[in-house]
J.: 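Here you go, one structure.
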Number of protein chains: 2
Amino acid sequence: MERSQTLSLRERQKEGRRARIIAAAKSLFVEAGLDNITIEAIAEIAGVSSVTVHNYYGTKSGVLLALVAESDRELLETLDRNLAAPPPDLVNLVLRFFTLICDHTLTHLDKPVWRQVISASISGTEPRFSKLYRELDHRLASVLIREIENMKAAGRLDDDTNSIHLGWALFNLQNARFIEFIASDSKHQDQALRDLRNDLNALLPR
Amino acid sequence: MERSQTLSLRERQKEGRRARIIAAAKSLFVEAGLDNITIEAIAEIAGVSSVTVHNYYGTKSGVLLALVAESDRELLETLDRNLAAPPPDLVNLVLRFFTLICDHTLTHLDKPVWRQVISASISGTEPRFSKLYRELDHRLASVLIREIENMKAAGRLDDDTNSIHLGWALFNLQNARFIEFIASDSKHQDQALRDLRNDLNALLPR
DNA sequence: CAAAATTTTTTAGTCTACTAAAAATTTTAC
DNA sequence: GTAAAATTTTTAGTAGACTAAAAAATTTTG
């Protein structure tokens, strides 16, 4: 709050509007779902005009994108913090990774909203969405790859393992279960975890 | 054309309109993309009013759904026909499976349209879409599971392999690469195939 | 062939995202 | 404090999905 020297009044006001808009959108989206919310409603709660929302974020999906970008930053921090003590084996590494991701996503937004996010990332209508998601996937896979290399260095994994290929394979596997988890309201997280464990046990040599 | 006894004139006309609508939609979707096509345009080419299109299919996504349902039926037939001679090992089974799916999807619709399909199946806005997709995934995974059991019966696979778990794991793995393939215009099918091969080699014991 | 039943079309209208331009407001710079 | 610059709001409008009800057309039925 003491940085009035670096940011002009105008910039601070803009920042404030931005923050108010995504805060309003977040609560409304979770409350009623993306499709049932109008830009008008967001604008009203944020105390700006609907045209301003458009000028700031372009489209309704643009607002959602901003929401998600924020959440992504935190997820990567969370992973770095909580994967610190590396699990003893591959299966538990992936299960832990999966659990952290599920926990994180649900504390920020709910399933219906995440569905819209994943949906938008695939549809390609909003190229920024696709880009953001590709980048996030890359960063997440990198976390797994890093951990695999740590395990290799610690002698807990065969030396001729290809960390990059294995990392991506495991990421894709858990991501499929993540999407399945998000796509269905009735799918519980512990069930998804069991399914993933079955996947891993069926594939990996013991 | 000789079944005027079983189908009344009215039913045949309805059938005809239905067929004309999805044929019109198919060509228009591929030509210009879902978002750039209006119901009006579909109706005009099909020779009906726009209200009729709504009455028949509900929403624009509903039209797309009908298109996809048709394609699904054919895909399952194709798989049954072409997987007849079972490949010698797991990796080649999955690679073949993947190739058949990619080939089939691209002969029917193009990537932009398939993106909308996958996107709609996840968004959950159109519950029928999600349902159709869950069912298709189930059937596709069942094909893999069946082939795995054949391999087990032929002694080419360990007897204590859990076919169901392994089948789903492999399906999810190839499906992740399929979605990646569809999501990006620049991703070529042979590159996707190489990626999938790397996934499989990294995971499966040799 | 005429009445009844069915279905489509026409008509009219709502809703909301999104856009462009003019008008009003507010910050900034001197 | 005032002129200039930046930014928001107001205003006005387009487009297209979707809906409801009345009107028109067509098939079916006896």
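Residue numbering restarts at 1 for every chain, and letters A, B, ... go by the order of the sequence lines.
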J.: Using whole Å, what does the distance between atom P of nucleotide D:dA15 and atom CD of B:Glu40 come to?
T.: 13 Å
J.: On DNA chain D, compare the nucleotides closest to B:Lys60 and B:Gln13; which residue's is nearer the 5' end?
T.: B:Lys60
J.: For a quick check under 3.5 Å, do A:Gln13 and A:Arg10 share a side-chain donor-acceptor pair by atom type?
T.: no
J.: Between D:dA17 atom P and B:Leu64 atom CG, what is the distance in whole Å?
T.: 14 Å
J.: Could you give the CG-to-C1' distance, from B:Asn55 to D:dT19, as a whole number of Å?
T.: 10 Å
J.: If you count the non-hydrogen atoms of other residues, nucleotides and ligands that lie under 6.0 Å from CG in B:Leu193, is the total more than 12?
T.: yes
J.: Between which nucleotides of DNA chain C, read 5' to 3', does contact with chain B run, using atoms under 4.0 Å from its heavy atoms?
T.: C:dA5 to C:dT11
J.: Run the side chain to side chain donor-acceptor pair (under 3.5 Å) test against B:Thr107 and tell me which residues pass, sequence neighbours left out.
T.: none
J.: So what does B:Tyr57 hit on the nucleic acid, given a heavy-atom distance under 4.0 Å: a base, only sugar-phosphate, or nothing?
T.: nothing
J.: Describe the nucleic acid contact of B:Ser50 in one word from base, sugar-phosphate, nothing, applying a heavy-atom distance below 4.0 Å.
T.: nothing
J.: Find the distance A:Glu44:CD to D:dT9:P and express it as a whole number of Å.
T.: 13 Å
J.: If we ignore hydrogens and angles and just use 3.5 Å, is the side chain of B:Lys60 paired with the main-chain N or O of B:Leu34 as donor and acceptor?
T.: yes
J.: Run the side chain to side chain contact (heavy atoms under 4.5 Å, CB included) test against A:Leu200 and tell me which residues pass, sequence neighbours left out.
T.: A:Val91, A:Val94, A:Leu95, A:Leu170, A:Leu173, A:Leu196, A:Leu204
J.: Ignoring the backbone of B:Thr59, work out which of D:dT9, D:dT27, D:dC18 is nearest its side chain.
T.: D:dC18
J.: Mind calculating the distance between NE2 (A:His54) and P (D:dT9) to the nearest angstrom?
T.: 14 Å
J.: Using heavy atoms to find the nearest nucleotide of DNA chain C for A:Val51 and A:Ile37 separately, return the residue whose nucleotide is more 5′.
T.: A:Ile37
J.: For a 4.5 angstrom cut-off between non-hydrogen side-chain atoms, does B:His104 reach B:Leu100?
T.: no
